[in-house]
Structure formats: structure tokens, C-alpha cells
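Heads up: the structure comes next, in C-alpha cells.
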Amino acid sequence: MKLFSSVNDVTDINALVAEALKLKQNPYANQDLGKNKTLGLVFLNPSLRTRMSTQKAALNLGMNVMVLNMDKEGWALELQDGAIMNGTSVEHIREAAAVLGQYVDIIGVRSFPGLKNRAEDYNEEVFNKFVKYCGVPVVSLESATRHPLQSLADLVTIEELKTRPRPKVVLTWAPHIKPLPQAVPNSFAEWMCKADVDFTIAHPKGYELNTDFTQGATITHNQDEALAGADFIYVKNWSAYEPYGKVLPGNEDWMLTNEKLGITDNAKVMHCLPVRRNLELSDEILDGPNAIVVHEAGNRVWAAQAVLKQMLESI
Ligand code: AN0
Ligand code: CP
């Protein structure tokens, strides 16, 4: 594997999930694979889980890791070709990415969407330019429209904890005060649509996702109807796709509570984190027996390790 940017870069998702679960049982079995190989992690936005879990995964494989917090410690990047750089940007992505590729064997990049210009975000301008100019394999650490390491960890978690062969999985929108990307729900949807699950998306009117990511999903505006009989509930806020990047008024009653959990089949509750308590998810859910959010975050290590392992095997 030379690129991990979406589910479409994976030839066999079941094999990748099985690999992640195998690594969980035996984390240090491939310590020689990463010897004298270096992973570079480039962050243009904050991160706790992706940063730490991907570093841990690389260390388990015997790799060295270098981290650049480009938003805080790097030079201000220029993205436009042909720009006359007499403003605030100091270095063009052409040189920055190419130079990083000189120092490391694999690069991970996190670049959130601006949520202002939909075409720019959905063209993945920043991520794709890193891929184009760095000259080494690239792993997405969450790009403008997808978060594949998160979705892989989510699928690993569902595989691990499911109690029937084809569980009912519900992605349900949650309230938030800030406009958040569509990356996590887009990605979760496209992975679930390819997995052996019964998949439903519930959101208020106006929060329709780009249909490229939701082919095969059942989509409803009725949260209670969606929750009925669910085995896994995936809670996440996202801003509107149309009007792009906007938070629409109302819908506070979409926060998951124990009362709503009662409609489900004793569902396990997932969230990618970070989560705002009592806005997106209630204390009673997060502190209750059905929340598996910390377990899910723990599985980020095995997802990242499975991906890095496949990349190391191909360089
Ligand atoms: C980000 C998002 O929703 O995409 C990162 C989640 C992993 N969340 C926030 O910005 C709060
Ligand atoms: N879930 C997730 O990617 O968390 P971070 O933003 O903290 O990395």
C-alpha cells in the first residue's frame, strides 16, 4: 500500500481488520519490519488520539517517528501555483513536501477543511499536494473530507464487540456549537457501506451528507426510528454540506440520552472523540455501561499499525 486516504485504497477491508486484531494480540511481532525506517507526522491542526496512536503503532513496528506541528512550528505554507509570494506565506508546499520526503520513508498528514470553499475542500487540495510533491507513501491523519484511520479503528471495534453476524449500526447526528467537518461521518459512512453491517444514518433535515459517501445506507430524519433495534450507535456532529459549513438553528434534542438508548437493542455507543459533554453526548451515556469510546480510541493503535505494516511491506 502506497497511499491510505480512503476505503478505496484498501483491497480487502476484512483482511485489514483481521490484521489489526492480530496485531492487538501480538503488538511486537514485527519489530524488524520498521528498523531504520522513519515515519514523519505532519499536523496542520490539533490532535490527541491520531498523534499518539500513530506514534505508538510506528514504535511497535520498530520505526523511528518525527512529528512536525506545521500549524505552530512550521513556516506559513503557500498552496497556490504561480503565486507571487509577497504576502504572509513563506514557503510553497512544492518545496516543503518534497523536503519532508527527503527525511522520512512514510508521511502522515492532518489537514482539516476550511469549511468556506466546498470545491477546494472536496478537491482535497492540501492533502493531494502533499501526496503529489513528497515522493513517499502517505497516510491520511484526517483530511478535509475523510478520516480513514478513525473509520478503520471503528470497524475493528465493531468486529471485535459485535454479538451477531450482521449488526445494526446507526450513525446519528449530534448537536454542537461550532461548524465541524464532514470528514468523520463521510468516512464512517463509506466504510460501513462496504462492511457486512446493516447501516442507517439519522440526521435532522438540512444535514444531508454528500451522496458519494452514503451509497447503500438507509437515511432517515427520524432518530427514534433509526435507533430501534440498533447494536451500535455512532454519535457525531457535522456541519451542513448545503449551505456549506453552516450550523443550522435548533435540533438540540438530537443529543443521545439514556431514554433514547432504551429504544435500541442495548446498543454500544461510539464517538471518535473529542466529545463535548452534555452538548453532543450526555454524562449519563458517557459514564454509563454502554459507552465504548475509550476502547474505540484504544483500537486506533491497531488500525494505524495494520496500515503502516502494509506500507512498510511495499517499500
Ligand atoms: C474534528 C472533526 O470533527 O473532524 C476531529 C475529530 C477527530 N473534531 C473537532 O474539531 C472537535
Ligand atoms: N479521533 C481523533 O482523530 O482524535 P484526535 O483529533 O485527538 O486525533
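One-based numbering along the sequence shown. Counting starts at 1 for both ligands and their atoms, following the listed order. Just so it is clear, the model here is predicted, and its values are computed rather than measured.
Using a cut-off of 4.0 Å between Lys/Arg side-chain N and Asp/Glu carboxylate O, Asp231 and Lys162 are scored as not salt-bridged. Salt-bridge annotation for Asp198 and Lys168: absent, with no side-chain N of the basic residue lying under 4.0 Å from a carboxylate O of the acidic one. Under a 4.0 Å N-O distance rule, the pair Glu124/Lys129 does not qualify as a salt bridge. Under 4.0 Å is where a charged nitrogen must lie from a carboxylate oxygen, and between Asp71 and Arg110 no such pair does.
Arg49 NE, 2.8 Å is the protein heavy atom nearest to atom 4 (O) of ligand 2. Nearest non-hydrogen protein atom to atom 7 (O) of ligand 2 is Leu48 N, 2.6 Å. Closest to atom 1 (C) of ligand 1, if we only count protein heavy atoms, is Phe112 CZ, 4.1 Å. For atom 6 (O) of ligand 2, the closest non-hydrogen atom on the protein side is Arg110 NH1, 2.8 Å. Remark: minimum distance from atom 2 (C) of ligand 2 to any protein heavy atom is reached at Arg300 NH1, 3.4 Å.
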Glu160 vs His295, side-chain hydrogen bond (donor to acceptor under 3.5 Å, both in side chains): CA-CA, chis, key distance, verdict:
CA-CA 11 Å; Glu160 196 184 18; His295 182 99; 2.8 Å; yes

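Residue-ligand proximity, His147 to ligand 2, at heavy-atom distances under 4.0 Å covers atoms 2 (C), 3 (O). In the vicinity of Pro181, heavy-atom distances shorter than 4.0 Å reach the ligand 1 atoms 2 (C), 3 (O), 4 (O). Numbered from 1 in the order shown, with element, the atoms of ligand 1 that lie under 4.0 Å from a heavy atom of Leu180 read 3 (O), 9 (C), 10 (O), 11 (C).
Residue Ala183 places every heavy atom at 4.0 Å or more from ligand 1. The shell of residues lying under 4.0 angstrom from ligand 1, judged by heavy atoms, includes Leu273. Taking 4.0 Å as the cut-off, Lys236 counts as a neighbour of ligand 1 on heavy-atom distance. Contact annotation: Glu142 has no heavy atom less than 4.0 Å from any atom of ligand 2.
Backbone and side-chain nitrogen or oxygen atoms of Glu142 are examined, and one is located within less than 3.5 angstrom of a nitrogen or oxygen of ligand 1. Looking at Pro274 next to ligand 2, no N or O pair under 3.5 Å apart turns up.
When ring centroids are compared, Tyr241 and Tyr122 come within the 6.0 Å threshold. Here the two rings, on Phe199 and Phe232, have centers that are 6.0 Å apart or farther.
Counting heavy atoms of neighbouring residues, nucleotides and ligands inside a 6.0 Å radius, atom NZ of Lys205 does not exceed 12 of them.
The backbone of Leu273, and not its side chain, has at least one atom closer than 4.0 Å to an atom of ligand 2 (non-hydrogen atoms only; backbone = N, CA, C, O).
Side-chain contact between Arg164 and Asp265 is present, with heavy atoms from C-beta onward closer than 4.5 Å.
No donor-acceptor pair closer than 3.5 Å links the side chain of Gln223 to the backbone N or O of Thr172.
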